[in-house]
Amino acid sequence: MIKALTIDLWETLIEDRDSNEIDRDKKRAKFIIEELKLNEDKIDEIMHFFTDLTEAFKHPSPENSWSILPEDQVKMLLENYLKVPYTGSQFEKIVEYYKTIILENPPVLTEQSIPKVLMRLSKRYTLALISNTGRTPGSVLLNILEIYGIRDYFSHFVFSDEIRARKPDPRVFEHARNLLNLEKEAIVHIGDSFNLDFMGAKSYGFNAILYAKGKDNVQVEPYIRSFEELESILDEKFN
C-alpha cells in the first residue's frame, strides 16, 4: 500500500519559460560588475562561468560539490574565474542578490491543474518535495511554492543545498524516507529526469513514475504525460 509520494520540483512542478535563467544570469553578472566596480568586458567571463555551472548541475559528483551551495558558487566565480579581491560585505550582497533574483521573474507551473491535483493527493498520501537546487536555495524556492499556493500540501521538503547532496545520490532519498518514517515500498517518487528521478529513486528502493510531459517514445513504465493522469496511475499500478 502506497502511503507517501515524493515529488520533484524543477521541470515537474515548475519550469522556466523562454530564456528566464539566462536573463537572470545577465542580471547577476551586471550586479557583480557594479558591486565590484569591474570592467564591462568581465561579463563574458561571468557568463562562461554560468555555462560551466549548468554543466556541473548535470553531472553531480564529488568534483562538482562546489556547485551545491550558492555561496560556494559565488566564491568559485570570484576567486577562480574573475580572480578579483572582495570584502565580506560585498560577498554577502552578491550572494543575497544571486539567490533571490528569481523572485523578480519566477518560474511558472508546468500545468495549471497542479494545485488542484496536489490538493486531492494530499488527502490520500503524505507528500514530500525533493529538489536539486542550483543558483537558488531551498529557502527561496519555498517562496515560489507560496506564490502558487502549493506549499502547504507538502509535509516535508528535501533540498540539495540543505543536505549537501544531489539526486541521484541515495542519501537524498534516504533523507526523505527518514522524514516520512516509512518503508521504501510504501513510497512513490515522481519526477521528469530518467536518471536523477526515475532511476535514482528505483535504485534506492522507491517506486517511481516518470513525468514525461512533451516527451516522445517514452521507453519506461510507468509514466504520465500530465498530472491529471497521476491518481489513476497510482491506483492502477500501486494500489
Side-chain angles (χ1 to χ4, degrees), residues 8-60 64-110 112 114-115 129-151 154 157-164 166-167 192-193 196:
D8 172 52
L9 180 60
W10 284 101
E11 312 305 328
T12 300
L13 296 178
I14 62 173
E15 63 184 356
D16 273 326
R17 294 281 172 83
D18 303 321
S19 57
N20 283 11
E21 193 60 68
I22 294 174
D23 291 341
R24 291 186 205 114
D25 282 344
K26 289 178 179 178
K27 290 180 178 179
R28 290 181 178 106
K30 182 179 179 181
F31 185 88
I32 291 168
I33 287 171
E34 291 178 352
E35 181 64 31
L36 298 180
K37 297 179 172 56
L38 304 177
N39 291 330
E40 289 292 333
D41 59 8
K42 289 293 184 180
I43 192 169
D44 292 335
E45 293 178 44
I46 298 175
M47 296 308 290
H48 175 66
F49 163 80
F50 284 128
T51 299
D52 290 350
L53 178 62
T54 299
E55 284 302 307
F57 292 154
K58 295 177 182 177
H59 306 285
N64 289 332
S65 61
W66 60 270
S67 68
I68 294 179
L69 296 178
E71 290 83 357
D72 290 343
Q73 297 168 25
V74 172
K75 186 175 181 181
M76 173 71 77
L77 169 59
L78 299 183
E79 297 183 2
N80 293 65
Y81 283 73
L82 296 177
K83 297 181 172 64
V84 295
Y86 57 88
T87 67
S89 176
Q90 288 172 324
F91 183 78
E92 290 178 3
K93 288 180 182 178
I94 290 170
V95 168
E96 182 65 18
Y97 185 85
Y98 186 98
K99 294 192 299 186
T100 59
I101 181 62
I102 194 172
L103 299 176
E104 293 184 10
N105 186 16
V108 297
L109 293 174
T110 55
Q112 292 304 307
I114 281 177
L129 186 82
I130 296 181
S131 177
N132 282 357
T133 57
R135 299 156 176 79
T136 308
S139 59
V140 176
L141 291 174
L142 288 174
N143 290 293
I144 305 297
L145 303 184
E146 290 277 9
I147 289 172
Y148 295 113
I150 60 176
R151 176 176 175 169
F154 293 93
F157 302 91
V158 180
F159 293 111
S160 62
D161 67 292
E162 295 177 359
I163 65 169
R164 310 296 176 91
R166 309 185 81 218
K167 293 177 298 180
D192 71 293
S193 170
L196 304 185

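Positions are given from 1 along the sequence. It should be emphasised that the depicted structure is a prediction, and the values quoted were computed from it without experimental measurement.
With contacts defined as side-chain heavy-atom distances shorter than 4.5 Å, the pair Asp16/Trp10 qualifies. With a 4.5 Å cut-off on side-chain heavy atoms, Leu13 and Tyr148 do not count as touching. Contact annotation: the side chain of Ile130 never approaches that of Asp8 to less than 4.5 Å [non-hydrogen atoms, C-beta and beyond]. At a threshold of 4.5 Å between non-hydrogen side-chain atoms, the residues Pro107 and Ile144 count as touching. Side-chain atoms of Thr136 and Phe159, non-hydrogen and from C-beta on, never get closer than 4.5 Å to each other. The shortest side-chain heavy-atom distance between Leu69 and Arg164 falls under the 4.5 Å cut-off. Using a 4.5 Å cut-off on side-chain heavy atoms (C-beta onward), Leu145 and Leu9 make contact.
Here the straight-line distance linking atom CD1 of Ile147 with atom CG of Leu103 works out to 6.0 Å at 0.5 Å rounding. From Leu109, atom CG reaches atom CD1 of Ile150 across 5.5 Å, with rounding to the nearest 0.5 Å. Atoms NZ and OG, from Lys58 and Ser67 in turn, are 13.0 Å apart once rounded to the nearest 0.5 Å. Taken from CD in Glu11 to CG in Leu196, the straight-line distance is 11.5 Å, to the nearest 0.5 Å. One finds the CD atom of Glu92 at 8.5 Å from the OG1 atom of Thr87 (value rounded to the nearest 0.5 Å). Separation of atoms CG (Asn132) and OG (Ser160) is listed at 4.5 Å; rounding is to 0.5 Å.
A search for side-chain hydrogen bond (donor to acceptor under 3.5 Å, both in side chains) contacts involving Asn80 returns nothing, not counting sequence neighbours.
Between Arg24 and Glu21 there is a salt bridge, with a side-chain nitrogen of the basic residue lying less than 4.0 Å from a carboxylate oxygen of the acidic one.
The 12-atom threshold is not exceeded at CD1 of Ile22, counting heavy atoms of other residues, nucleotides or ligands nearer than 6.0 Å.
Each salt bridge (Lys or Arg N to Asp or Glu O under 4.0 Å) pair with one or both residues in residues 72-88, not counting sequence neighbours, would appear here, but there are none.
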Requested in this report: Could you go through the side-chain contact (heavy atoms from CB on, under 4.5 Å) check for Ile94 and Leu36 one step at a time?
Outcome: CA-CA 9 Å; Ile94 290 170; Leu36 298 180; 4.0 Å; yes

Requested in this report: Apply side-chain contact (heavy atoms from CB on, under 4.5 Å) to the pair Ile102 and Asn143, showing each step before the final yes or no.
Outcome: CA-CA 10 Å; Ile102 194 172; Asn143 290 293; over 6 Å; no

Report task. Apply side-chain contact (heavy atoms from CB on, under 4.5 Å) to the pair Leu78 and Ile32, showing each step before the final yes or no. Result -> CA-CA 9 Å; Leu78 299 183; Ile32 291 168; 4.2 Å; yes

Requested in this report: Take Thr12 and Thr110 through the test side-chain contact (heavy atoms from CB on, under 4.5 Å) and record every step on the way to the result.
Outcome: CA-CA 7 Å; Thr12 300; Thr110 55; 5.9 Å; no

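In this structure, Lys27 and Ile101 approach most closely via the heavy-atom pair CD-CD1, 3.9 Å. Contact detail for Pro70 and Gly134: the closest heavy-atom pair is CG-O, 4.1 Å. Residues Phe91 and Glu71 share a closest heavy-atom pair of CZ-O, 3.5 Å.
Side chain of Arg166 to backbone of Phe57: a donor-acceptor contact under 3.5 angstrom is found. At least one donor-acceptor pair closer than 3.5 Å links the side chain of Thr133 to the backbone N or O of Asp161.
Screening Lys93, Arg135, Gln73, Arg28 against Tyr98 for a side chain to side chain donor-acceptor pair (under 3.5 Å) leaves a single residue, Gln73.
Taking the six-membered ring for Trp and thresholds of 30 and 60 degrees, Tyr97 and Phe31 have nearly parallel ring planes, at less than 30 degrees apart. In this structure, Phe154 and Phe157 have tilted ring planes: the angle between them lies in the 30° to 60° band.
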Can I get a per-line list of side-chain donor-acceptor pairs under 3.5 Å for residues 38-46, giving both atom names and the distance, sequence neighbours left out?
from: Lys42; atom 1: NZ; to: Glu45; atom 2: OE2; distance (Å): 3.3

